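The residues of the chain are indexed from 1 along the displayed sequence. Just so you know, these numbers come straight off a predicted model, no measurement behind them.
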Amino acid sequence: MSAASRSSVQTSSSAASRKPRFPALWSLATLFLLAAQPVQAQAFQSQAPIAFLYDSQSGAVLYEKAPDEPVAPASMAKIATALVVFQEIAAGRLTLDSEIGISENAWRKGGAPARGTTMFAAVRSRIKLSDILQGLIVQAGNDAAIALAEAIAGDEPTFARIMNERVRALGLTKSVFRNATGMPDPEQKVTARELAMLADHVVKTYPDLYRIFGQREFTWNKIRQVNRNPLLTMDLGADGLQTGDLDGVGFGLTGSAVENGQRLIVVVHGLKTARDRATEAQKLLEWGFRAFERRQLFNDGEIVGDASVYGGEKGRVPLRTKGAVALLMPRGTSDKLSARIVYHGPLAVPVSEGDPVAQLVIMRGDVKTLQLPLYAAETVKPGSLQSRALDAVIELSTGWVRQALARITRS
């Protein structure tokens, strides 16, 4: 086997008995699935048939139960509807002052005649986008969702295709949307993991518009409605997102809360009552904030390690993450931490600064705590013929990661 076809691994505890092969480039969905492994021994148990608890900053999954089981989203589909609208605003195709028309179809299918969740928009009226977004998000209005779909795509089926395209671009491969409202459709399915992925993206990408999800109430057409998200009334630091329920499916919730700078995203589904839904989501969030502590591993811009380069003007390239790296550790744990840097190596030149070229894998005992991409910190151009001939041997180094792990385990 040639040196260029081997996998390079750096370990912080002991050398691996064999060198695993991983692709150098990973999709967002793959990173979420692999990086987001449960960091605890699942000692906590939720009564929800489906549950998922995710730490937004570190990418760690704190709890999961049937996270990839397809279920009907109900009104939680409106998170994807909001995403498309937010993207249209960001692209300049809509503004908060844009007027959205309420067609007879939107009024009849989603308004007062439908007897579902509605903002009570008047038929053939025109409403500013800033108001109809509150109708969509705060009041979970089906009339608002349909009107937005028609304004953006002409009709709801076409809008649903846009929803699917947008979430596929985020790496959501299992979720399928057939309408903007979440109304029953046998083909419309989501998973708890992908709802968390979607929520995390909305929170991080559109922080100003995301604030609407935390709004407690909204009045339209002289009708005041409170936000159906029960987490907003609890002392949890909750600021979103959306609830949903359907006959035969149960009660679900996708929520997010911040405490001491830590954001957790929770998804529960399949509960028998709205009270059960609120109780289980609250218990998960409170446990997540209480049972774990964050320990800093690397600062923003700090070099994490290096990778071997074949045929370059330099034999190695330093590696770094994007942003600071922290671990969530169960309080009182004595488990040993270990780490490795994994890449296809040696890397072929040219290597450009900012290229994703490796993965940092952190283990707590036998549990994968964190996996995230590493980027080239420098550009490496092709070297001389002589240097290319001499670069046939891969060397492994362990210094940076070993020292960082030792630092946090002593803290």
Side-chain angles (χ1 to χ4, degrees), residues 25-33 36 52 54 56 59 67-68 70-96 98 100 106 110 129-130 132-137 140-185 187-213 240-244 252 254-256 265 267 269:
L25 300 179
W26 301 70
S27 68
L28 287 176
T30 302
L31 288 177
F32 193 97
L33 288 166
F52 192 76
Y54 175 71
S56 179
D68 302 309
V71 291
S75 274
M76 290 183 288
K78 293 183 175 80
I79 302 173
T81 301
L83 168 68
V84 175
V85 179
F86 292 174
Q87 289 176 329
E88 294 297 298
I89 294 172
R93 291 185 286 269
L94 288 174
T95 73
L96 292 176
S98 298
I100 307 298
L129 181 59
S130 57
I132 205 167
L133 270 176
Q134 294 175 84
L136 171 76
I137 295 170
N142 292 329
D143 46 359
I146 297 170
L148 285 165
E150 292 175 342
I152 291 171
D155 56 58
E156 203 173 355
T158 303
F159 183 80
R161 288 196 291 272
I162 295 174
M163 293 169 71
N164 290 320
E165 290 172 1
R166 301 292 171 85
V167 300
R168 291 293 176 274
L170 301 181
L172 279 64
T173 61
K174 296 183 178 180
S175 297
V176 177
F177 297 99
R178 290 291 179 250
N179 56 56
T181 60
M183 290 181 182
D185 185 293
E187 296 181 348
Q188 186 155 256
K189 300 290 182 181
V190 297
T191 70
R193 190 189 305 275
E194 292 193 347
L195 280 172
M197 291 171 64
L198 176 62
D200 192 49
H201 175 78
V202 170
V203 170
K204 291 176 177 175
T205 310
Y206 306 100
D208 292 336
L209 292 167
Y210 171 70
R211 293 192 182 100
I212 302 172
F213 282 97
L241 293 152
Q242 192 64 263
T243 62
T254 300
S256 185
I265 294 175
V267 181
H269 209 355

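- To the nearest 0.5 Å, atom OH of residue Y206 and atom CZ of residue R211 are 15.5 Å apart.
- One finds the OG1 atom of T254 at 4.0 Å from the CD1 atom of I79 (value rounded to the nearest 0.5 Å).
- Looking at heavy atoms from C-beta onward, K204 lies out of side-chain contact with Y210 at the 4.5 angstrom threshold.
- Side-chain contact, K78 with T81: no donor N or O sits under 3.5 Å from an acceptor N or O.
- Residues I162 and A153 come closest through the heavy atom pair CD1-CB, 3.8 Å.
- If you take CG on L198 and CG on L241, they are separated by 8.5 Å, rounding to the nearest 0.5 Å.
- Exactly one residue among L133, D208, V84, T95 makes a side chain to side chain contact (heavy atoms under 4.5 Å, CB included) with I89. That residue is L133.
- Within the 3.5 Å criterion, the main-chain N or O of L94 finds no donor-acceptor partner in the side chain of E88.
- Distance alone, capped at 3.5 Å, places no donor-acceptor pair between the R161 side chain and the R178 backbone.
- Residues A145 and T181 approach most closely at CB-CG2, 3.8 Å, considering heavy atoms.
- Closest approach of I100 and A147 over heavy atoms only: CG2-O, 3.7 Å.
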Show, in sequence, the C-alpha distance, side-chain angles and deciding distance for Q188 and N179, and conclude whether the side-chain contact (heavy atoms from CB on, under 4.5 Å) test is met. CA-CA 8 Å; Q188 186 155 256; N179 56 56; 3.3 Å; yes
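- A distance-only check finds no donor-acceptor pair linking the side chain of Q134 to the backbone of I212 [under 3.5 Å].
- With contacts defined as side-chain heavy-atom distances shorter than 4.5 Å, the pair H201/L83 qualifies.
- The minimum heavy-atom distance between N142 and M183, with the atom names listed, is ND2-CE, 3.5 Å.
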Given R193 and Y54, is the side-chain contact (heavy atoms from CB on, under 4.5 Å) satisfied, shown in steps? CA-CA 9 Å; R193 190 189 305 275; Y54 175 71; over 6 Å; no
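- Side chain of H269 to backbone of G244: no donor-acceptor contact under 3.5 angstrom is found.
- To the nearest 0.5 Å, the span separating CG on L129 from OG on S98 amounts to 6.0 Å.
- Counted by atom type alone, S75 and Q242 present zero donor-acceptor pairs between their side chains at under 3.5 Å.
- For the residue pair I146 and E156, the shortest heavy atom distance occurs at CG1-OE1, 3.8 Å.
- Inspection of the D68 and T191 side chains reveals no N or O donor paired with an N or O acceptor under 3.5 Å.
- Partner of E194 under the side chain to side chain contact (heavy atoms under 4.5 Å, CB included) criterion, chosen from L172, L170, V267: L172.
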Check step by step if side-chain contact (heavy atoms from CB on, under 4.5 Å) holds for L209 and L96. CA-CA 10 Å; L209 292 167; L96 292 176; 4.2 Å; yes
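- What you find for A106 and E150 is that their closest heavy atoms are CB-OE1, 4.2 Å.
- Judged purely by atom type and a 3.5 angstrom limit, N164 uses its side chain to pair as donor or acceptor with the backbone of F177.
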Would K189 and K174 count as a side-chain contact (heavy atoms from CB on, under 4.5 Å) if you check the C-alpha gap in whole Å, the side-chain angles of each, and the deciding distance to 0.1 Å? CA-CA 8 Å; K189 300 290 182 181; K174 296 183 178 180; over 6 Å; no
